[in-house]
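Structure first, commentary second.
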Amino acid sequence: MGFGDLKSAAGLRVLNDFLADKSYIEGYVPSQADIAVFEAVGAPPPAELFHALRWYNHIKSYEKQKASLPGVKKALGKYGPADVEDTTGAATDSKDDDDIDLFGSDDEEESEEAKKLREERLAQYESKKSKKPAVVAKSSILLDVKPWDDETDMAKLEECVRSIQADGLVWGSSKLVPVGYGIKKLQIQCVVEDDKVGTDMLEERITAFEDYVQSMDVAAFNKI
């Protein structure tokens, strides 16, 4: 059993023929068998050996996960077609191959540098996050303010409502909406900071203008 010398043209042809109907050296998922043969090949096969080249490029994509692939790496002569003589000096060469990292030690150095850079960026992000001001919860409220009758001065009523000032309260647009019998209600928008201004406070302050205001209702309430 074996592929022969995988650094020779003949050995690569055997590998190419072996992979013509297979995705991996053993089984149906990448394993330590693929890593052992990959390391023995050492370089991309020529383009005309497209089965071997396809397999080589696929296994190369697992370089960072190679240690976690299933299986136990065996002597190279344990893999391949049964009718090819193993000429690789399997027992010795396999041990030597295990000592050689064809994925390159530079990757380990780069990995350490990448890890250090990632840690620095995480530290910078956490620092910026801690300095970022907390998001203020706000709500948009539409109020219906009803007068006593059709003789109520609506301009004065609105003036009274807008005279209410508080930290976290901003008045917006308004309009008069007919409610029947010649009576119109004031519909007015405001934006409030939730932890500073509530609807109960607004109702208390608005209905305090009892000469103009009969009642106040919340027509719409939306979180921003």
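Side-chain contact between M154 and P147 is present, with heavy atoms from C-beta onward closer than 4.5 Å. Taking the side chain as every heavy atom from C-beta outward, V179 and K184 never approach each other to under 4.5 Å. Side-chain contact between I141 and L143: present, with at least one pair of heavy atoms (C-beta onward) separated by less than 4.5 Å. When side chains are defined from C-beta on, I164 counts as touching F209, because their heavy atoms get closer than 4.5 Å. The side-chain heavy atoms of L53 and P46, taken from C-beta on, include no pair separated by under 4.5 Å. The shortest distance between side-chain heavy atoms of V14 and P81 falls below 4.5 Å. Residues Y181 and D150 form no side-chain contact, since every pair of their non-hydrogen atoms from C-beta on lies 4.5 Å or further apart. A heavy-atom distance below 4.5 Å is found between the side chains of L49 and R13.
In this structure, N57 contributes its side chain and R54 its backbone to no donor-acceptor pair below 3.5 Å. Judged by distance alone, the side chain of Y79 and the main-chain N or O of K74 form a donor-acceptor pair under 3.5 Å. A distance-only check finds no donor-acceptor pair linking the side chain of D194 to the backbone of V197 [under 3.5 Å]. With hydrogens and angles disregarded, no donor-acceptor distance shorter than 3.5 Å links the side chain of K223 to the backbone of A137. At distances below 3.5 Å, not a single donor-acceptor pair connects side-chain atoms of W55 with backbone N or O atoms of D34. Side-chain N or O atoms of R205 include none that pairs as donor or acceptor with a backbone N or O of D200 at under 3.5 Å. Listed for the R162 side chain is a donor-acceptor partner under 3.5 Å among the backbone atoms of G172.
Closest non-hydrogen pair, A166 versus M201, comes out as CB-CE, 4.0 Å. In terms of heavy-atom proximity, V72 sits nearest to Q32 at C-CB, 3.9 Å. Of all non-hydrogen atoms in M216 and V218, the two that sit nearest each other are CE-CG2, 4.2 Å. The nearest pair of heavy atoms linking L76 to A36 is CD1-O, 4.0 Å. The two residues L169 and C190 have their closest heavy-atom pair at CD1-CB, 4.0 Å. Contact record, E26 with A33: OE1-CB, 3.7 Å, taken as the closest heavy-atom pair.
Surrounding NZ of K175 are at most 12 heavy atoms belonging to other residues, nucleotides or ligands under 6.0 Å away. Heavy-atom neighbours of Q214 CD from other residues, nucleotides or ligands within 6.0 Å: above the threshold of 12. In the displayed structure, Q65 atom CD is contacted under 6.0 Å by more than 12 heavy atoms of other residues, nucleotides or ligands.
Of the inter-residue distances, the one linking N16 atom CG with F3 atom CZ reads 11.0 Å to the nearest 0.5 angstrom. To the nearest 0.5 Å, atom CD1 of residue I59 and atom OH of residue Y24 are 6.0 Å apart. Note: K185 NZ to D144 CG = 3.5 Å, rounded to the nearest 0.5 Å. Expressed to the nearest 0.5 Å, how far CG of N222 lies from CG of L142 amounts to 9.0 Å. The distance from atom CG of L176 to atom CD1 of I183, rounded to the nearest 0.5 Å, is 13.0 Å.
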Subject >> Worked check of side chain to side chain donor-acceptor pair (under 3.5 Å) between E158 and S174 >> reply: CA-CA 9 Å; E158 181 174 352; S174 65; 2.7 Å; yes

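Relative to the six-membered ring of Y62, K60 misses at least one condition, a distance below 6.0 Å or an angle of at most 45° to the axis.
Under a hydrophobic clustering in which Ile, Leu, Val, Met, Phe, Trp and Tyr are joined whenever their side-chain heavy atoms come within less than 4.5 Å, directly or via other members, V161 and F221 fall into the same cluster.
Salt-bridge annotation for D211 and K156: absent, with no side-chain N of the basic residue lying under 4.0 Å from a carboxylate O of the acidic one. Between K146 and D217 there is a salt bridge, since at least one side-chain N of the basic residue sits less than 4.0 Å from a carboxylate O of the acidic one.
Here the options are L202, L186, T207, the test is side-chain contact (heavy atoms from CB on, under 4.5 Å), and the partner is V145; only L186 passes.
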